Number of protein chains: 2
Amino acid sequence: MTEIIKKNNPVKQTRTMILDVSAKLFSQYGYNGTVIRDIAQALNMKAGSLYYHFDSKEQLVLEVLTIGIENIIDTVQREVAALPKNCSSKEIVQAATKGHLLALLEKGDYTSTSIRNLGQLPEPVQAEVLVIRDRYEDMWRKWLLDAQTNGEIKANVNLKVLRLSILGVLNRTLAWYKKGELTIEEIAGMQIGYFWDGVSA
Amino acid sequence: MTEIIKKNNPVKQTRTMILDVSAKLFSQYGYNGTVIRDIAQALNMKAGSLYYHFDSKEQLVLEVLTIGIENIIDTVQREVAALPKNCSSKEIVQAATKGHLLALLEKGDYTSTSIRNLGQLPEPVQAEVLVIRDRYEDMWRKWLLDAQTNGEIKANVNLKVLRLSILGVLNRTLAWYKKGELTIEEIAGMQIGYFWDGVSA
DNA sequence: GCGCTTTACAAACAAACGTTTGGTTGATAG
DNA sequence: CTATCAACCAAACGTTTGTTTGTAAAGCGC
């Protein structure tokens, strides 16, 4: 009979703090540019102490990236699910865009590493991240195909190029977004607007 | 009186080869993920030998990045200069896009590091790269402003978001482009087409 | 062939790296 | 009070890192 842990669990709190700091440093300095000693120092800890919570640096970064991507998937699905039924493809894409940017820009530390530097990570980490990322891209493939099938997107548009362009724009937002200038909703509206209706007069 | 060097200069050849290999490895594994010994080994040389051609790893990566960005600037300017006079803004932007992709996708090793991992580089390198990059972005600022001023782009379009979105799409192309599937001209046409005229039916 | 420069190597250096080990602390349960 | 256990530290480990040093070929003008 497994006992229920009643008191607040300090292990989990420390783990979360380690993940937060690691995500921040990984996203800023990259995997190889971030050293265990820096992560520890930011937490007023010593390098060796982290090995009580994580087996290795590799496992640490994998956990950070997994949290990041799954957070995007969850946020996007929530935004799309909140739409009324029988809404247009444009509305779905717009909601997905908003969700993507919400997760990306507010939990950016967790996601930017996998977006910018997947190739620099240890190969086992790359493989696991790619599995989740593929699952996410499938969602976009479906929405865009639906849009073209029901006539909302011109028949001659290359959906692969379009999908990669949209995700490229969204992910690149991480490089220039500053809080307080434009809201995430405004950016999402502009970016999809440019793609959907074009910018020409 | 400086003598003219007539014979082919083996120094320059080796230097160029070092730069090529470095660009490739830096773009693949990042600055901190690339070790001097790997660069040397790819050239059948020993680590210490590189220091005859370059003072430090930092100077080496700086030279790689400078070549990359200036190659983009040169290619873009050449494409735009080749246009007939009094052509439309869309044609200018399209030519610039083609030039950007040409340089990016065919000399991608030299550019991708500065695009993806600027923040992971030593600070002095970051500063110098940013100066050149700003000079390049100014060119786009001007073209897009002209397009809006002469009425080709809707007045309510946010030019900053548009510029960053376009460059985001172009730079992201590096992550998925495969030779032989689509030509660079086709990709450039699609990407600017989506922005200019939109994808909606 | 001789001197000079160019180019590369072998070997070593100190520093930094991820990780391991054994021990110390402080809270909690019986 | 005592035993236990989670949480951390101090110190060291073997490697790997960027870089330096002294030296040896190889090419070229004379």
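Because the structure is predicted, anything quoted here is derived from the model rather than measured. Below, chain A is the first sequence line, B the second, and so on; all start at residue 1.
Rounded to a whole Å, the CD atom of A:Q13 is 17 Å from the P atom of D:dA6. Nucleotide C:dA8 holds its P atom 16 Å from the CD atom of B:Q41, rounded to whole Å. Per the geometry, CD1 belonging to A:I39 stands 11 Å off P belonging to C:dC17, to the nearest Å. Following rounding to the nearest Å, B:Y52 (OH) and D:dT21 (P) show an atom-to-atom distance of 17 Å. Computed from coordinates, the A:L25 CG to C:dC17 C1' distance equals 16 Å when rounded to whole Å. One can place CD1 of B:I36 at 20 Å from P of C:dA14, the figure rounded to the nearest angstrom. Look at NZ on B:K57: it is 14 Å from C1' on C:dA15, rounded to the nearest Å. If you measure from atom CG of A:N44 to atom P of D:dC8, you get 11 Å, rounded to the nearest angstrom.
Put simply, A:T34 has no side-chain N or O that comes within less than 4.0 Å of OP1 or OP2 on C:dC17. The phosphate of D:dT20 (OP1 or OP2) has no side-chain N or O of B:S56 nearer than 4.0 angstrom. Side-chain nitrogen and oxygen atoms of B:H53 include none within less than 4.0 Å of the OP1 or OP2 phosphate oxygen of C:dT6.
Salt bridge annotation for B:E70-B:R135: present, with a cationic side-chain nitrogen under 4.0 angstrom from a carboxylate oxygen. The pair B:K98-B:E186 does not count as a salt bridge, with every side-chain nitrogen at least 4.0 angstrom from each carboxylate oxygen. B:K90 and B:D197 are joined by a salt bridge, as a carboxylate oxygen and a charged side-chain nitrogen come within less than 4.0 angstrom of each other.
Taking for each of A:M45 and B:Y31 the nucleotide of DNA chain D with the nearest heavy atom, the 5'-most of the two is the partner of A:M45.
The nucleotide whose nearest atom lies closest to any side-chain atom of B:R37 is, among C:dG18, C:dA12, D:dC9, C:dA12. Among D:dT19, D:dA10, C:dT19, the nucleotide with an atom closest to any side-chain atom of A:K46 is D:dA10. When distances are taken from the side chain of B:Y51 to each of D:dA12, D:dG18, D:dC8, the shortest belongs to D:dG18.
At a threshold of 4.0 angstrom between heavy atoms, the contacts of B:D38 with the nucleic acid are absent.
Using bins of under 30°, 30° to 60° and over 60° for the plane-to-plane angle, the ring pair B:W140/B:H100 lands in the perpendicular bin.
Contact annotation: the side chain of A:Y177 approaches that of A:I187 to within less than 4.5 Å [non-hydrogen atoms, C-beta and beyond].
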